[in-house]
Amino acid sequence: MDFARGTKLTIKYNGNVMEVTYISRDEDYLTVKLQNGYNITIPENKIDVLKSSEPQTVKKKRITLKHGNGTPISLITTGGTIVSAIDYETGAVHPSTDIRRIIDRYPYMEEKYTIAVREFDNILSENMQPEMWIKLAGVVKEELGKSHGVVVSHGTDTMSYTASALAFMFESLTGPVIMVGSQRSSDRPSSDSFGNMEGAMAFSSTNVGEICISMHSGTSDNSISLHRGTRTRKMHSTRRDAFRTVSGKPIAEFKNKNVDFLSEYKEKSDKISLSDKIEEAVSMVYFHPGLSGQDLEKLSEGKRAIIIMGTGLGHISQSLFPSVRKIMSMGTKVVMTTQCMAGRVNLNVYSTGRELKKIGVVSAGNMLPEVALTKAMYLLGNYPDEDFESMMNMNMRGEIMEREFLGDCY
Amino acid sequence: MDFARGTKLTIKYNGNVMEVTYISRDEDYLTVKLQNGYNITIPENKIDVLKSSEPQTVKKKRITLKHGNGTPISLITTGGTIVSAIDYETGAVHPSTDIRRIIDRYPYMEEKYTIAVREFDNILSENMQPEMWIKLAGVVKEELGKSHGVVVSHGTDTMSYTASALAFMFESLTGPVIMVGSQRSSDRPSSDSFGNMEGAMAFSSTNVGEICISMHSGTSDNSISLHRGTRTRKMHSTRRDAFRTVSGKPIAEFKNKNVDFLSEYKEKSDKISLSDKIEEAVSMVYFHPGLSGQDLEKLSEGKRAIIIMGTGLGHISQSLFPSVRKIMSMGTKVVMTTQCMAGRVNLNVYSTGRELKKIGVVSAGNMLPEVALTKAMYLLGNYPDEDFESMMNMNMRGEIMEREFLGDCY
Amino acid sequence: MIAINTKDKKIKIGLEIHLQLSTGKLFCKCPDMNNSGIKGKFSRKLFPTENESGDVDVAALQEERKNVIYEYEVSDNSCLVEADEEPPHEINADALDTALQIAFSFNSEVLNAVSVMRKVVVDGSNTSGFQRTAVVSTGGYVTVNEKKVGLTTICIEEDSARRVESGNDHTVFSLDRLGIPLVEISTAPDIETFQEAVDVAREIGMRAMLTGNIRRDSDAIRQDVNFSMGYGRVEIKGISKLSLISEALIAEENRQKFLSEAIGIFLERGGFDGTVLIDYTEKIAKSESKIIQKGIAAGNRIFAGKLENLGGILKSGNYRIGKELADALKLFSIGGFIHSDELPGYGITQDEVNEIKKFLKSRENDAIILISIPESKKDIAQDAINKRVEKLLSLDFSETRAANEDGTSRFLRPISGSGRMYPETDIPTIKIKNSRMVELNSAAPKSFDQALSSFTDEWEISRQEAEIILATGRKKEFIELAKLWGKPREMSRMILQSIPEIERKYRKKLEYGDLKTLVEKIATKNYGRISLEMAIDQCISGKSIEEVVISDDIRPLDRNELKIIVERIRKSGDIRKENIIAKVKNETNRPVDPKIVMEIYQNS
Amino acid sequence: MIAINTKDKKIKIGLEIHLQLSTGKLFCKCPDMNNSGIKGKFSRKLFPTENESGDVDVAALQEERKNVIYEYEVSDNSCLVEADEEPPHEINADALDTALQIAFSFNSEVLNAVSVMRKVVVDGSNTSGFQRTAVVSTGGYVTVNEKKVGLTTICIEEDSARRVESGNDHTVFSLDRLGIPLVEISTAPDIETFQEAVDVAREIGMRAMLTGNIRRDSDAIRQDVNFSMGYGRVEIKGISKLSLISEALIAEENRQKFLSEAIGIFLERGGFDGTVLIDYTEKIAKSESKIIQKGIAAGNRIFAGKLENLGGILKSGNYRIGKELADALKLFSIGGFIHSDELPGYGITQDEVNEIKKFLKSRENDAIILISIPESKKDIAQDAINKRVEKLLSLDFSETRAANEDGTSRFLRPISGSGRMYPETDIPTIKIKNSRMVELNSAAPKSFDQALSSFTDEWEISRQEAEIILATGRKKEFIELAKLWGKPREMSRMILQSIPEIERKYRKKLEYGDLKTLVEKIATKNYGRISLEMAIDQCISGKSIEEVVISDDIRPLDRNELKIIVERIRKSGDIRKENIIAKVKNETNRPVDPKIVMEIYQNS
């Protein structure tokens, strides 16, 4: 018994004759939709199919985007939860490029913005690879040439990686580039995608000249935060307010249809400058008790740099020092970050740190480990080796916070 | 010119004759202490030494610990900042076993507790290896046989690893085992070690039967929190309040010499049960864009299990799936955790997760990745392979929180 | 009045019985009981979404127009799942088992695989915007007064959030009820009388109670009624008491009857072209009506409108079309309107009425209305009135109504379509093993009487006591306590008599958890019934359990203590077998074992 | 009164001049200026620690006994470093350069390597419990009135937290000042007169000002004075004004003179065996003294004590031993005491005094005291009094005192020992390159006169103006503004005359940052001095810079506009070379360039 999804069936089950819609099959079970809307899953051998008729084509009611006189914004879609839909085959959520249904929620947005939608790709963000950052950067550059600002819809899983990679690639921008995602898929009435997108559009029409991330400020639907791409992490796997500016305040907040700036930012420039080379051979290593020098060496093979997430102020076991020396002697850069969620690496305080410093390990200051990764990939792609350490230590895109304050999120 | 540290010198420098104390030498520079207490560092060739006299032996004023009728507590010292002192040779801070000077700060503690100090080791915590957990567990067991409770002073860097490892090894405890560290070394007037130790002693005389961590609740010196060893992370590299109970409330708070319980805990038992085998061949892998299947395979060589820190709900790039299959076919367990600071892994929500689940990847729920590591090391050391998945999914020591609440730290 | 084209007026009634389970929540590990106050608040918006076939559901759309911000109070029996901040966990196995057991007990055909669905609900009562629900069985029947009433489906679903406050611009819910498992038992529309509806509801409830897993809260059982008498199906939701079922049905029958009559009159007069609301503020600004003045002071505009041919049937005798329109307006937070059937009144004079009528060119059979609303709500109000009249004119009264406490009901929303449903993708289909099925089936109570008999036999308590225990869903508690105490009869007496008496005395309830601890501790000490009763008394009176248990007051006098007392009494004179017990009890407040006293008396 | 065994009474004075730098903080990236209110608060305890040789410093221990909780107000110019929640960053290179430059300018021998030390300070003024400080040079001299006064060291250090509030049980500090770089210049005890001390302080301050990096805040320059006249070294800390230096020295000389005399009397009478405080509460409970009654009401006990042989010298004529004792008590938050030199008084009658004397068996020369304190403070108070008397008896008055605003001083703590110092391990020794040394040396001003000459020559302004600019530390600002504006003379007049005038008019200061922006924008527009003055006036009056800069009011009239005005005036009659400018100005509020007016007048 195989039918096209949506086939109307008349079946006899458990003595009753029922009109149902065929949904799917999983081994010996069929899932059909009853007239009251419920799906039921029943063993094939318990059913008699009395009649079947071809599925009707589904009518979709769609409003096309108006192209008015609002601020021109380009919307680049890459996939992710924010535009996800249900996959009835696997029963799981999958990416979709159909973003209009989000925008349709706020009719006022169609007056305020003239939105051009550009489909970049349609993937789950965990499949984003460095090579795609390069392509995406090109598209962003192109779109910024046409629009006031750019909104990039992106899966939340690796959104902060993409954001920081783009941030390094663009030395200057002619408008805001706002990345936006969602933690509840937009097929749900309670989805955060509507609010996050509303905020992203508002942020993308400001004079910010940075790569940022627009997500819920808290669990409530009343405020959207704008985070700097190079200071943001996804801090919770499921909550709406998963994204946080680590060790600082968000750049801005969108509340009651209004953007409030909370901290300093780089204004947009009159020219765009893109250096789009990326060295992929960089890896992250999470130090932990039991990690052996051999492990470290194997992971470093063929790498131009490794980013170690050490403990505390930037420490690893002394038993690994010979391997670090060996790795460095092969020309691989070793950068030290901390697996603590926040705070600075400082190789002056403890003897372990001083020895690592002497060996030549580069301290990443208070750069987030993921950002140290994208920065290393960027630097090795675009600058000579000898500038690596000094540029890692230089605050290029707001990735190093010279001051941390009590009371800020960590 | 080489002198013993502390040698009194009469030198002529810059035309003036000065009485100084010799401190150290670094290449061509000598550091000497002036009579007003300042050290100055001057080139050797600018000095004439007129006179030198042997260093006097340093008199240490020490109060020995009273052994009264207070609650018997064993204090096991392992090193770490809480007992660190200055290394005048390298100019850096190094571990010390002298913990009495902390206890001396609170004369009342000598009445309340009868403290037996046991020196376990004297290392920086980044050098703590799994084999030392086993030794430490043995000492803890021994000491619990003699005392009401045990306090373990430990460096903060890997304190939560040690705590969770001990937590798994002890199925039941006859008293509290409180680990304590500090973020400011105890040679400073502002050190948090005094308060943390005061709290640890108070916690160690309660009826808690778990392995816990006692550290500052906030930046102020007015409150010390007791965290469950299996739910705690060092969240900041330098702040006093670096340790947090992730996704929950601390077990208790020590304030105004009083212990207040904030959440449920396991009470001490009348017997102690220790399973002290540990499988060291377990590694952590931090997934990131650019991580290749080859990297993953290399790191998994010879491992009994790997703990992947995936993105979001527990995802990795689909391009790694063949490698995951290969690794698993060699008998290596693959456990999925999240690199998000908090929240649950759930392999049902997205297609990537469902596929990983199908491959046989074990979901770690909301276990912290570091805890998943120590748990895997414990399980593989003490239980048959076939129980691995079900036991990983079982809440054994409070490591899996069945409920997460809004408003709790994440 | 003329009779309108009548159909066959045969009454058809169906029931949906919802029973809350006491197994803990359905898709997380939260308990079903809430123990303390509000832990926090948050607010959300909800947007209707498209279902799998691309249609936005009618009911969902209607809710959207309300455009409300929902506030949620976080209870201590809620976690990130209720806050919609975490995907659902695996289904609660105890809850599913209970639902399956109920299905078996009604001979309903249990499905081998349970597919959880999302039913879109955007009135804020679900933080996710949908309710999770799954069919666990189809078919089956219940026999009442020797008639078999068929069942259509038995579902297991999440209860919704409890509405705490409904204001004009915000609605507040508590998360305490959200996610509690509900078993929904739906009958076919086989019921023909109001009494039969009550009987069927009672029988279903009692039978389900036998599982011992039904909550004992005041709103733990709620009934929805489907009613039709020829004008379409009306669903009346949320009837919390059995006794209200027939009241609600009577009220609904009357409503439809008189409504159809009034519509008949209306149609005969020639129907309706739609009203147009006109700003009448300036013209009526001088009126002494408080409603008008208050409205103007609040910044409202006063709109006037003509309702053609509706004069005299808005509110007159049994005709109440006015209320139908008012209900429709309430959905948009419009408090109501004044119509000519009530005028002069509300401080509006006959002269003013005449003037309005003149202004609106109102004819004899026309009604006029006045409505005080902000300018921005004018179109909404006009639309709501016209749509409602149109719907009534079709003589299809089908809709979803909400039960009021007084037996009447109010318009809630159109009947929901099947478009409200789509799969819950976060929960894989749950396959049920055959062995589990067999086990649950054999444990399922096939009738109340049968269950009663076996319960009475097993625990050796009176049939009457057993019946009360079973029918009030206290089977599980009783078994637990009886096992702890060892003497089931004493325990049933304790539960059904002693404790309620003490509770009445102090006007305070004893928590079940506290009772269980007391029983356990007193039993361990080998004290008797009197000690336990004293302990319960002290505990209800406010003492802590720890205190009570170690207190000397509840410790029975031992043999030596009793000997001394008996000796003392003996010395003081008159002592007989008949009065010795009373005399001893007179000497002490502590529990006394009469048997020991008698032994001492006789052996001395 | 007899003369005590006198030593050589030669006066020796040394100075420590502390100058705050305007380079931003020393060990983090925070600015030295605070712009807004309190960002948060936290509290800490401090514990004295052992130094590298195992001794706990005397001064540190004394502070510990105070057992205070310190509260800190977080300012917007502080970060985790000030909160002691992060190790110090690298040393501020600008600050170090400035210190080195100052060292060179006094011919002090600059060290090639700077070792940062921790100086233990547990009075709460440093969150870490220590002050970071480093010697940058040794030796050197300053010449005043043709006398060379030697320097011992020049240090760079962190300023301490600003004390905001000192209560009985808590002390509040602001973090705004903590970490601002201080250059400390210490002279040898070569100074012999009070006037010389003032002159040396002035000369050092002026010379340092020449670096242009000295802050201009009210407490940016603070002096400590070391004074000895044979009774040990007394250090008076925190004299904020030059003029107070000689007052403080006079007061201290008198204090020591009369104190030594009084001690002479005391010794002759036979000295002291220590006082014992006795609870006298019940006996004096009926007194009408308010102090006594208030104390009792607050739960205090009233203690009485006999001070042998101190009668008549506690407070009598110039003798003030009573104050010395009161100061010692204040350290432990004990407000003071009443002694017999003041009695009868404070509502205590002669009879009551006599009774106390009798009770304490007080002899003629003995004093008695009453002290109202909680029971718990009895031992502390008794100990403090006895220790202080003991110290005075030794005729070694050496101690650290704090300057009061009125020129007097109060006891602060014993002189700190060298044990207070140990290395700052978080900062590696800073090696200074030779090239940097050479550069800084050549830039260092070797005398004020020389600097003045070269400054006057370079900028072509009057010597008088130059002197004011340099002596008030505005060199850097002037150079910056003069470069922006192009005309240094106009700018010096602006800074020294026009702006202060406008500021006086509005009683409001113009922020330097705003002034700089205005100068830059007006200069870019090529407007003249008058436009700039008008803009400054408008800005101080409250308009925003953006508004001011684009306003038409400040735009000078152009040639065409002026032509029209000149024509109009010409037509109206009397017009001469002498009055044309005034007449034109009369016609407009906008800036007028007289040169253009004259050209128009002459060419037309």
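All chains are named by letter (A, B, ...) in the order of the sequence lines, taking the proteins before the strands, and each is independently numbered beginning at 1.
Annotation: C/Lys509, atom NZ; neighbour count of heavy atoms from other residues, nucleotides and ligands within 6.0 Å does not exceed 12. Residue B/Glu389 qualifies as enclosed at atom CD: its count of foreign heavy atoms under 6.0 Å is above 12. Atom CD of B/Glu386 has more than 12 neighbouring heavy atoms from other residues, nucleotides or ligands inside a 6.0 Å radius. In this structure, C/Lys431 places its NZ atom where more than 12 heavy-atom neighbours from other residues, nucleotides or ligands lie under 6.0 Å away. Within 6.0 Å of atom NZ in C/Lys521, 12 or fewer heavy atoms from other residues, nucleotides or ligands are found, so the atom counts as exposed in its surroundings.
Taking CZ of B/Arg344 as the start and CD of C/Glu86 as the end, the distance is 4.0 Å to the nearest 0.5 Å. Taken to the nearest 0.5 Å, the CD atom of C/Glu82 stands 9.0 Å off from the CZ atom of B/Phe405. The distance from atom CD of B/Glu404 to atom SG of C/Cys28, rounded to the nearest 0.5 Å, is 12.0 Å. Expressed to the nearest 0.5 Å, how far CG of C/Asp426 lies from CG of B/Asn346 amounts to 6.5 Å. Of the inter-residue distances, the one linking B/Arg403 atom CZ with C/His89 atom NE2 reads 10.0 Å to the nearest 0.5 angstrom.
Considering every non-hydrogen atom in both B/Leu406 and C/Ala83, the closest pair reads CD1-CB, 3.6 Å. Of all non-hydrogen atoms in C/Pro87 and B/Val349, the two that sit nearest each other are CG-CG2, 3.7 Å.
Looking only at heavy-atom pairs under 4.5 Å with chain B, the residue among C/Leu80, C/Asp76, C/Val74 that has the most is C/Leu80.
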